[in-house]
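The chains referred to below are lettered A, B, ... by the order of the sequence lines, with proteins before strands, and numbering in each begins at 1.
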Amino acid sequence: MSTEERAGRNFIEEAIEEDLKAGRFDHVHTRFPPEPNGCLHIGHAKAISIDFGNAQKYGGKCNLRFDDTNPTKEETSYVDAIKQDIKWLGFDWEDREFYASNYFERLYQWAVQLIKAGKAYVCDLDADLVREYRGTLTEPGRESPNRWRAAEESLDLFERMRAGEFPDGSHTLRARIDMASPNLNLRDPVMYRIMRARHHRTGDAWCIYPTYDYAHGQSDSLEKITHSLCSLEFEDHRPLYEWYIRELGIFPSRQIEFARLNLTYTVMSKRRLLEMVEQGVVRGWDDPRMPTLSGMRRRGFTPEAIREFLKRVGVAKADTVIDYELLEHCVREDLNKRAPRVMAVLRPLKVVIENYAEGQTEEFDAVNNPEDPSAGTRKVPFSRELYIERDDFMEVPAPKYYRLSVGREVRLRAAYFLKCTGLVKDSRGEVVELRCTYDPATRGGDALDGRKVKATIHWVSAAHAVDAEVRLYDHLFSKTNPDDAPPGLDWKANLNPKSLATLAGCKLEPSLAGAKAGERFQFERLGYFCADTEEGIRGQGLGVGENRKLAFNRTVSLRDEWARIQKQAK
RNA sequence: UGGGGCGUCGUUCAACUGGCAGGACCCAGGACUUUGGAUCCUGUUAUGAAGGUUCGAUUCCUUCCGCCCCAGCCA
């Protein structure tokens with residue numbers, strides 16, 4: 001292996017290669033182990049790409065395993081959503097869809113084995129007492145009164161726990177390890193708790209459920225996972241997983257921990273995302289402002305852009321907060337290459353071309369994508385009355401503003417030069433219409449006399465335009481770090497009240513009338529937009545039939561030099 | 001205070017394991033442009049601190065400082 005190949009390798013890849021070289025494993029088998037208690041977010045996408053990515057890279061396999069050990073929080077609907085998201089991201093677990101709940105009987109038998117070996121016991125302490133006996137960070141814990149109870153007695157009690165003889169919370173099965181361990185996870189951790197809850201897969205078959213800590217390592221072991229990749233907070237749990245594996249004498253996976261992904265201007269914990277969903281701060285898990293994969297999908301992000309983003313983010317052990325701008329950069333880069341250009345006027349201002357005959361129409365060929373000649377051209381209708389963007393006209397032009405103003409000439413994209421000759425105001429003094437003239441000699445956008453214009457603006461023929469609703473999204477939080485809240489307030493105080501702006505009555509070029517849900521476009525000079533999948537017509541795309549309602553979500557704006565200049569001027 | 005981790009440009013990842021600290025994003029200039037887009041060029045800024053070993057330290061040693069995680073019958 002050349003030095004070039006070695007360089008740039010992350011620490012997980014180095015570890016895997018060491019293992020392969022040293023013969024600790026002769027292949028690579030990983031797993032992605034979500035709990036079906038919420039939807040996947042971009043942080044999970046990092047884990048997915050590490051788990052599936054390393055399997056791919058080393059010619060191995062990656063399992064999908066639902067860690068469903070807590071029936072009070074888990075639902076089948078989340079299982080389905082998670083599967084959909086992983087597929088969408090572009091990864092495939094083939095037929096290896098597993099559940100920790102598949103192993104309940106096996107885990108139970110192992111627990112029995114540990115009890116018989118004197119390594120586990122039934123404890124009668126309730127939750128409060130268990131906590132009290134555990135000690136603190138600096139003081140050792142105390143032994144449970146039942147710690148040395150005979151194995152036969154524990155066995156009997158454990159069987160009766162399973163049989164449903166005891167009320168919820170009255171007993172637990174605990175591993176007998178070390179109440180004085182500086183690692184609290186080793187102070188006789190709970191293996192089983194009594195919980196009368198219907199499980200999404202096993203129904204009412206069980207009234208005792210294994211804890212995650214008891215189930216996880218053995219699940220990996222059962223699946224012969226070689227490399228169990230997880231996030232940093234489980235580092236302290238590794239000695240516990242290894243204890244179970246050792247005591248049971250079963251296949252030892254190697255756990256390697258990496259830092260989770262954080263993004264500026266957002267929160268990334270399922271608990272908080274759930275809270276926003278439940279409190280109606282957002283419209284659901286797939287609200288386009290959410291960092292969930294379903295939200296990002298609806299927003300218009302591509303799986304390719306997300307994978308590229310993750311690649312650039314890298315893998316390390318230091319806590320990280322990635323600039324949201326990097327994500328934006330990656331979508332723009334991807335969509336620039338693939339999204340067809342169209343013209344859409346979000347805040348319409350009417351233009352009447354005085355020297356263009358009433359009732360006359362013509363069509364122009366507009367380039368679909370200057371980055372991709374094979375994308376071809378389309379027809380765009382033109383007529384005497386147009387809509388242009390309000391922002392593309394200034395009654396009193398600011399310095400360095402070189403769009404339209406009375407007396408100025410600009411180019412209408414793919415059409416003609418247009419000169420503003422006057423304006424019409426309403427009773428409140430607001431400009432409601434521009435009077436203009438066009439130059440017939442500039443058809444297609446070039447002046448034969450060689451004269452130049454400083455700006456090219458987009459437009460839509462009023463008579464041919466289709467109406468749509470367009471949603472403009474901004475950061476969900478107004479601070480880069482939502483936790484940076486005033487004294488006494490929490491992260492919710494930093495919710496951005498302007499994270500959603502809904503614009504009705506937007507005017508789109510007619511080619512957009514048949515846009516299908518999920519289709520992405522560049523609205524020229526504005527940004528990338530995605531036809532919404534929720535509103536409009538279920539399944540068959542938008543803009544047809546009785547339910548006609550076109551709606552687009554802004555994925556990301558184009559980089560905006562003018563906005564920068566304005567900002568600097570302030 | 002116990003244990004486990006982590007400290008390299010503003011952000012993130014590198015530096016072939018002792019040899020000129022590099023890339024990407026961001027930012028600032030400029031070129032080009034029928035998108036103030038894209039593209040291209042240029043530029044600013046970093047090894048947490050102090051000692052030590054060495055011809056030479058981001059890398060090895062010592063001490064210190066800072067940040068994150070752990071006291072669920074959550075995962």
Novice: Write down the distance between CG (A:L274) and P (B:C74), rounded to a whole number of angstrom.
Specialist: 16 Å
Novice: Looking at the side chain of A:L558, which of B:C27, B:G29, B:U35 is the nearest nucleotide?
Specialist: B:U35
Novice: Which is true for A:L326 with a 4.0 Å heavy-atom rule: it touches a base, it touches only sugar-phosphate, or it touches nothing?
Specialist: sugar-phosphate
Novice: Among B:A24, B:C13, B:G36, which is the nearest nucleotide to the side chain of A:A316?
Specialist: B:C13
Novice: Hey, does the side chain of A:R564 come within less than 4.0 Å of B:G29's phosphate (OP1/OP2), counting only N and O?
Specialist: yes
Novice: With A:R9 as reference, evaluate A:E18, A:E17, A:E14 under the salt bridge (charged side-chain N to carboxylate O under 4.0 Å, His left out) test and give the passing residue.
Specialist: A:E17
Novice: With side-chain hydrogen bond (donor to acceptor under 3.5 Å, both in side chains) as the test, would you mind laying out the steps for A:D188 and A:Y121 before giving the verdict?
Specialist: CA-CA 9 Å; A:D188 289 11; A:Y121 61 96; 2.7 Å; yes
Novice: B:G36 base to A:R403 side chain: any donor-acceptor pair below 3.5 Å?
Specialist: yes
Novice: Can you tell me which nucleotide in B:A38, B:A75, B:A14 comes closest to the side chain of A:T211?
Specialist: B:A75
Novice: Could you check whether the rings of A:W206 and A:Y108 sit parallel, tilted or perpendicular, using 30° and 60° as the cut-offs?
Specialist: tilted
Novice: Can you identify which nucleotide, out of B:A75, B:C25, B:A71, has its nearest atom closest to the A:H237 side chain?
Specialist: B:A75
Novice: Across the strands shown, which category fits A:T69 at heavy-atom distances under 4.0 angstrom: base, sugar-phosphate, nothing?
Specialist: sugar-phosphate
Novice: Would the number of heavy atoms belonging to other residues, nucleotides or ligands and lying under 6.0 Å from CZ of A:R149 be above 12?
Specialist: yes
Novice: Among B:A71, B:A24, B:G4, find the nucleotide with the atom closest to the side chain of A:E235.
Specialist: B:G4
Novice: Rounded to whole angstroms, how far apart are CG on A:L404 and P on B:G36?
Specialist: 13 Å
Novice: Enumerate, in order of first residue number, the stems that involve RNA chain B, defined as 3 or more consecutive Watson-Crick or G-U wobble pairs with both distances under 3.5 Å.
Specialist: B:2-7 with B:65-70, B:10-13 with B:22-25, B:27-31 with B:39-43, B:48-52 with B:60-64
Novice: Take the protein atom CZ of A:R332 and the nucleotide atom P of B:G37, then report the distance between them rounded to whole Å.
Specialist: 11 Å
Novice: Any side-chain heavy-atom pair from A:R65 and A:D220 closer than 4.5 angstrom?
Specialist: yes
Novice: Among the nucleotides B:G3, B:C74, B:U35, which one has an atom lying closest to any side-chain atom of A:M195?
Specialist: B:C74
Novice: Quick one: sort the A:Y241 and A:H216 rings into parallel, tilted or perpendicular, breaks at 30° and 60°.
Specialist: tilted
Novice: Could you work out the separation of B:A21 and B:G66 based on their C1' atoms and round it to a whole Å?
Specialist: 23 Å
Novice: How are the rings of A:H199 and A:Y209 set relative to one another: parallel (under 30°), tilted (30 to 60°) or perpendicular (over 60°)?
Specialist: parallel
Novice: Students often get this wrong, so: under 4.0 angstrom with heavy atoms, is A:T320 touching a base, only sugar-phosphate, or nothing?
Specialist: sugar-phosphate
Novice: Side chain of A:E371, base of B:U39: donor and acceptor closer than 3.5 Å?
Specialist: no
Novice: Could you work out the separation of B:A28 and B:G37 based on their P atoms and round it to a whole Å?
Specialist: 13 Å
Novice: Which nucleotide, B:C70, B:U12, B:G5, lies nearest any side-chain atom of A:K317?
Specialist: B:G5
Novice: Taking the chi torsion of B:U17, is it syn (within 90° of 0) or anti (everything else)?
Specialist: syn
Novice: Just checking A:R260: does its CZ atom have more than 12 heavy atoms from other residues, nucleotides or ligands closer to it than 6.0 angstrom?
Specialist: no
Novice: Considering only B:C73, B:U17, B:U35, which nucleotide approaches the side chain of A:V190 most closely?
Specialist: B:C73
Novice: Do the side chain of A:D323 and the base of B:G10 come within less than 3.5 angstrom through a donor-acceptor pair of N or O atoms?
Specialist: yes
Novice: Looking only at atom types and distance, does a side-chain atom of A:R411 sit under 3.5 Å from a main-chain N or O of A:G445, one as donor and one as acceptor?
Specialist: yes
Novice: Just how far, in rounded Å, is C1' of B:G36 from CZ of A:R525?
Specialist: 8 Å
Novice: What integer number of Å spans the C1' atoms of B:C65 and B:U47?
Specialist: 16 Å
Novice: Among B:A28, B:C25, B:C69, which nucleotide sits nearest the side chain of A:D236?
Specialist: B:C69
Novice: Between B:G29, B:G10, B:A71, spot the one nearest the side chain of A:L184, thanks.
Specialist: B:A71
